[in-house]
Visitor: 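This is the structure, below, for whatever I ask next.
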Amino acid sequence: MAQVELRGVTKSFGAFLAVKTVDIDFQEGSFTTLLGPSGCGKTTILRMIAGLEKPTGGDILIGGRRVNDVPVHKRNLGIVFQNYALFPHKTIGENIAFGLKYRGVSRADAAKKVSDALDIVRLPGVEDRYPTQLSGGQQQRIALARAIVIEPDVLLLDEPLSALDANLREELRVELKTIQHRIGVTSVFVTHDQSEALAMSDRIVVMSAGRVQQQGEPEEVYNAPATEFVASFLGAANLIEATVASADGADVVVDTRHFGRFAVPKKAANGLGPGARGKVVARAEKLKLYPAASAPEGGVSAPGTVEATDYQGQIVRYFVRVGDIQLQSVGMIDGSPFQEGTEIAVGIRPDECVVLPAEEPSE
Amino acid sequence: MRAWNLIKIYTVLVYIFMFAPVAVVLLLAFNSSQFGGFPIEGFSLRWFAKLFENEAIMRAFETSLILGVLTAFFATTLGILASLALVRYKVPGKEWITTLLISPVLVPETVLAVGLLIFLRWLSMPRSFAVLLLGHTMIALPFVVLVVQARLVGIRKEYEEAARSLGANPLQTFFQVTLPLLMPAVFAGALFAFTISFDNITATIFWRPAGSETVPTQIFGMLRNSVSPEINALGFVMIVITVGVPLMAGGLARYFARKR
Ligand SMILES: Nc1ncnc2c1ncn2[C@@H]1O[C@H](COP(=O)(O)OP(=O)(O)O)[C@@H](O)[C@H]1O
Ligand SMILES: [Mg+2]
């Protein structure tokens, strides 16, 4: 087990900058997720930690030691790939024992370790089968067993669940987290799936276009997004333009075109001063819809129209028009849902909102 | 319907045109008559017997077999190394090297043969078995490279990366993972190389050392005197080897694949 640190790491492929000056601390024993859309540089970072790519700049430290020049096979890491990458010409037993061979483990000890590892991933007794004789989910468990049996300092997982179908994915993600917790190995998990990241991680590093947008615990990243990108990438968020009217006292008062003037807690305002332009972030599940003219007294609300509904069983998603903007609202169905075209009132809870500074158009 | 029938007849004719000469050789090899021609008088294995008594032919056979096996070995080894370098590593001028490796296929064999001889004369090296082997390897190499490269491109890099991450150094990774996965192509490439060497005549005539014959040059030499029925028997053996060896190898490969 070891701590992993990235210090000012950059990576360019030719003229293309895939990773731009990234600093991340992966705490010992933690489960950290690199989350971001496809192509944002997650895999590249993982491969640099693994030693499969060389950083163009900056340092990578594992357990306090600079490893930039240490080759892959001397880093003692476990890697789990999206496509399992089990050796097709070797049995399951030989696959799992592969790393033990290079660690001077005796034959008898190796057999014991292999069978223990198979117990951990709940597939005992499949030593003599070949990878193609197992299902995708089973193969990925074997890949996990092969990676953890060598007791790696760091476990690297690159979208290990993305090739599986939805049911299996959820089952395996719970199991993966349980196993990681049990053996306590420092883990770096890469995914583009925000629900996976929120469900599994101790820490989430949200990335976009080669840059870290925000890092923190799941609740923090979800409830207090630091940038518009983070707000809209994790779950559905509504961004409402606002100007700060005053910022004295415990609250910050903002002016919005659609919801008028209201106060948000000072700590949610990211240090914005009077006159600053920004955006109020209201998560879709925090947006409440009421029948027209029955919004609670004293709340912050605006009149609107239901434009579209997306019915998802117990949950319904509404697309609501308020003036010139469209907002999303997600809620449990409680009584009969609103029909399209219904006039309603949209309410927001200012104490659950965050205000972000207006962003310059990014390069 | 009529059009289809025409196509069928046409196809059959093409096949007859292609395989009739082969069939003639196969049939006449068993003809008991003194003269290598039709009509067939009776069934006999005497030409095969004579073949095995003919020392010159047996020596040519030995030369061809050794040459074929060595060509297969060198062309395959070099082919694997070249493919690895070209597919797995960043080599400057990759396209040029590939073209250069493949070029012996495109250059007329006579030109290639003369070229190598002039080059050796310049180095003041006499013709020898080694020169012949070098030349055959050069001719067979492109085929091996093409086959092995195609397979290597299809082997995901993740297998090798997984092996490296588990502690195998690059050499161990090659022997434990890359080579076993590459085996079908290596096998096919080696067979290709063997048959190409075993069949080759044009370049061999230029390169062989004085007094040394391979099976094709031996047949060629014998034909200058007369068409002896022995040659039909020899032709039969050659067909069996060049067709039979790959078929048998394919069968064996499938058998082992199924056993797995
Ligand atoms: N070997 C490479 N050569 C050139 N470009 C690459 C290479 N690997 C990745 N890239 C580019 O770097 C960017 C980040 O890739 P990657 O780290 O795989 O993204 P992610 O895993 O987040 O989807 C992509 O635009 C990709 O095209
Ligand atoms: Mg990726």
Side-chain angles (χ1 to χ4, degrees), chain A residues 13-14 43 46-47 49-54 70-91 94-105 128-133 142-158 160 163, chain B residues 76 80 83-95 147-190 249-250 252-260:
Chain A
F13 295 107
T43 297
L46 200 80
R47 290 174 63 82
I49 299 174
L52 296 167
E53 289 306 341
K54 236 178 153 46
V70 178
V72 197
H73 62 282
K74 292 191 177 147
R75 289 197 186 186
N76 196 36
L77 306 166
I79 309 183
V80 178
F81 297 90
Q82 180 173 348
N83 297 299
Y84 330 134
L86 295 178
F87 308 128
H89 58 294
K90 292 182 184 289
T91 62
E94 290 165 347
N95 262 282
I96 301 178
F98 191 89
L100 298 174
K101 261 196 315 221
Y102 303 105
R103 286 169 173 72
V105 178
D128 295 329
R129 295 208 220 155
Y130 280 91
T132 48
Q133 294 171 316
I142 300 300
L144 180 63
R146 181 177 70 177
I148 61 176
V149 78
I150 58 169
E151 296 171 22
D153 290 334
V154 184
L155 182 62
L156 304 172
L157 307 116
D158 193 356
Chain B
T76 309
I80 293 172
S83 307
L84 276 178
L86 290 173
V87 176
R88 284 292 192 260
Y89 296 90
K90 285 199 193 80
V91 187
K94 210 177 239 193
E95 281 74 31
V147 174
V148 173
Q149 220 175 30
R151 170 91 186 172
L152 195 58
V153 167
I155 297 176
R156 308 178 62 90
K157 249 186 3 198
E158 275 95 338
Y159 294 124
E160 288 151 352
E161 292 177 347
R164 297 289 309 279
S165 77
L166 291 165
N169 68 29
L171 203 65
Q172 289 162 333
T173 301
F174 173 74
F175 283 110
Q176 282 288 323
V177 176
T178 318
L179 189 59
L181 293 178
L182 213 49
M183 220 49 207
V186 170
F187 205 60
L252 276 180
R254 235 163 304 149
Y255 172 75
F256 283 116
R258 205 168 327 117
K259 241 183 78 179
R260 150 130 335 156

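Note that the coordinates shown come from a computational prediction; the quantities given were computed from them, not determined experimentally. Each chain gets a letter, A, B and so on, in the order the sequences are listed, and its residues count up from 1. Side chains are part of it too, since the values below use all heavy atoms of this structure and drop only hydrogens, waters and symmetry mates.
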Visitor: For the pair B:Glu161 and B:Arg156, find out whether any cationic side-chain nitrogen is under 4.0 Å from an anionic carboxylate oxygen.
Guide: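 No, B:Glu161 and B:Arg156 are not salt-bridged.
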Visitor: If we define contacts as heavy-atom pairs under 4.5 Å, which of A:Val149, A:Val80, A:Ile150, A:Leu52 has the most with chain B?
Guide: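 Heavy-atom pairs under 4.5 Å are most numerous for A:Leu52.
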Visitor: Show your working on side chain to side chain contact (heavy atoms under 4.5 Å, CB included) between A:Leu156 and A:Val154 and close with a plain yes or no.
Guide: CA-CA 6 Å; A:Leu156 304 172; A:Val154 184; 3.8 Å; yes
Visitor: Could you tell me which residues satisfy side chain to side chain donor-acceptor pair (under 3.5 Å) with A:Asn83, sequence neighbours excluded, listed by chain and number?
Guide: none
Visitor: If we define contacts as heavy-atom pairs under 4.5 Å, which of A:Lys74, A:His73, A:Arg146, A:Arg47 has the most with chain B?
Guide: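 Answer, by heavy-atom pair count under 4.5 Å with chain B: A:His73.
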Visitor: Between B:Arg164 and chain A, with a heavy-atom cut-off of 4.5 Å, which part of the residue counts as in contact: side chain, backbone, both or neither?
Guide: both
Visitor: Show me, pair by pair, the donor-acceptor contacts under 3.5 angstrom made by side chains of residues 179-189 of chain B, not counting sequence neighbours?
Guide:
none

